[in-house]
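One structure is given here, and the rest of the page talks about it.
All ligand and atom numbering here is 1-based and tracks the order in the structure.
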Amino acid sequence: MRAVVVYESMYGNTHLIADAIGTGLGTAFEVSVVPVSHANPAILADADLVVVGGPTHAHGMSRPATRKAAAEAANKPVSPLETEPDALGPGLREWFSSLSQYPAKAAAFDTRIHGPATLTGRASKRVARLLRAHGFDVVAEPESFLVTKQDRLEPQETTRAREWGARLAASLTPSRAPGIQG
Ligand SMILES: Cc1cc2nc3c(=O)[nH]c(=O)nc-3n(C[C@H](O)[C@H](O)[C@H](O)COP(=O)(O)O)c2cc1C
């Protein structure tokens, strides 16, 4: 079985989470982890599971203006942040607008600031809705992974992402009756 993890990331945190989810899924799937700029139809074509996530910007999915603001913040001389190679390229919102219908199973995740989701918003809810609109069978609740106000992952979030990926994989893997070989 094949899984594809598609991520958007400005500062690298969602990229790290996507890699960790990919590691967790690797317990049951052959996994590709790809930035949204490389998530072409050929990569999705025979996937059994597609997991999609990005950063929460302005309470939802990023837009060109929020990505520009994020890049400008990182480019300030005092900023310790660095942007990912494709940071200013098309994001998940634009990717979805050119996506066909897919019958595969799917799940959504995001990164967002640590705090009540009612205040921070969470991009993954919209990602899940867009997955359903494109025919995907969304098999898990959207999940958030948390960053500090300084845009660094909270401790343990990559471990939690790996475990979330492993649980997702297990939930989709037919369990074998004990003692039966083959
Ligand atoms: C322009 C901008 C707007 C943001 N708006 C929100 C927000 O509304 N809610 C939130 O939780 N985090 C917000 N954040 C923080 C991002 O969620 C955080 O930078 C992101 O999760 C880091 O992921 P990345 O390193 O993959 O870009 C915002 C960040 C930027 C740059």
Side-chain angles (χ1 to χ4, degrees), residues 3-26 31-40 43-44 49-97 99 106-131 138 140-165 168:
V4 181
V5 183
V6 178
Y7 69 88
E8 176 195 324
S9 184
M10 291 297 305
Y11 301 140
N13 297 290
T14 319
H15 184 171
L16 289 172
I17 293 296
D19 284 342
I21 291 171
T23 302
L25 290 172
V31 184
S32 311
V33 181
V34 290
V36 61
S37 57
H38 289 63
N40 55 46
I43 287 177
L44 297 187
L49 173 68
V50 179
V51 180
V52 180
T56 301
H57 279 183
H59 302 276
M61 292 169 71
S62 81
R63 296 175 183 274
T66 64
R67 293 196 293 276
K68 187 161 169 276
E72 284 169 1
N75 287 339
K76 288 189 178 148
V78 291
S79 172
L81 297 170
E82 289 184 10
T83 49
E84 291 269 294
D86 299 327
L88 284 173
L92 290 175
R93 191 186 286 272
E94 294 77 21
W95 180 71
F96 272 115
S97 68
L99 201 66
F109 70 98
D110 63 46
T111 52
R112 65 175 173 86
I113 289 176
H114 196 162
T118 44
L119 298 182
T120 65
R122 42 190 307 211
S124 56
K125 285 187 90 168
R126 182 67 186 273
V127 172
R129 273 207 297 278
L130 288 171
L131 284 165
V138 177
E141 287 297 313
E143 184 63 53
S144 289
F145 298 94
L146 305 175
V147 301
T148 64
K149 288 186 177 139
Q150 290 74 39
D151 278 307
R152 300 290 186 208
L153 281 175
E154 292 280 12
Q156 301 303 315
E157 288 303 81
T158 50
T159 302
R160 203 164 65 77
R162 182 164 38 77
E163 290 170 355
W164 184 75
L168 182 58

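Annotation: side chain of Leu168 is in contact with side chain of Leu25 (closest heavy-atom distance under 4.5 Å).
With Arg112 contributing its side chain and Gly115 its backbone, the two residues share a donor-acceptor pair below 3.5 Å. In this structure, the side chain of Thr66 engages the main chain of Arg63 through a donor-acceptor pair within 3.5 Å.
In this structure, Met10 CE and His57 NE2 are separated by 6.0 Å, a value rounded to the nearest 0.5 Å. The CD atom of Gln150 sits 12.5 Å away from the OH atom of Tyr11 when rounded to the nearest 0.5 Å. Atoms CG and NE2, on Asp86 and His38 in that order, are 6.0 Å from each other to the nearest 0.5 Å. Taking CG of Leu153 as the reference point, atom CZ of Arg160 lies at 10.5 Å (rounded to 0.5 Å). Here Thr148 contributes atom OG1 and His114 contributes atom NE2; the two are 10.5 Å apart, rounded to the nearest 0.5 Å.
Checked by distance only, ligand 1 and Met10 come closer than 3.5 Å through their nitrogen or oxygen atoms. Taking distance alone, with nitrogen or oxygen atoms compared against 3.5 Å, His57 stays at or beyond that limit from ligand 1. The shortest N/O to N/O separation between Thr66 and ligand 1 does not fall below 3.5 Å. Polar contact with ligand 1: absent for Glu8 (N/O pair, distance under 3.5 Å). At least one N/O-N/O distance between His59 and ligand 1 falls below 3.5 Å.
Each of the atoms 20 (C), 21 (O), 23 (O), 27 (O) of ligand 1 lies under 4.0 Å from some heavy atom of Pro55. Each of the following atoms of ligand 1 lies closer than 4.0 Å to a heavy atom of Thr111: 17 (O), 20 (C), 21 (O), 22 (C), 23 (O). The distance from ligand 1 to the heavy atoms of Ala58 drops below 4.0 Å at these ligand atoms: 3 (C), 4 (C), 5 (N), 6 (C), 7 (C), 8 (O). Residue contact check: Arg112 has heavy atoms under 4.0 Å from atoms 11 (O), 17 (O), 21 (O) of ligand 1.
Contacts between Ser9 and ligand 1, counted as non-hydrogen atom pairs separated by less than 4.0 Å, involve both the backbone and the side chain.
Of the listed residues (Ile17, Val147, Thr111, Ile113), just one forms a side-chain contact (heavy atoms from CB on, under 4.5 Å) with Pro55, and that residue is Thr111.
Regarding atom 11 (O) of ligand 1, its nearest protein heavy-atom neighbour is Ile113 N, 2.9 Å. Considering only non-hydrogen protein atoms, atom 25 (O) of ligand 1 sits nearest to Asn13 ND2, 2.7 Å. In this structure, the protein non-hydrogen atom closest to atom 14 (N) of ligand 1 is Thr56 O, 3.2 Å. Considering only non-hydrogen protein atoms, atom 9 (N) of ligand 1 sits nearest to Thr120 O, 2.7 Å. Closest protein heavy atom to atom 19 (O) of ligand 1: Asp151 OD1, 2.3 Å.
Between the choices Ala70, Gly12, Gly54, Gly60, the shortest heavy-atom distance to atom 31 (C) of ligand 1 belongs to Ala70.
By the 30° and 60° cut-offs, the orientation of the rings of Phe109 relative to Phe145 is perpendicular.
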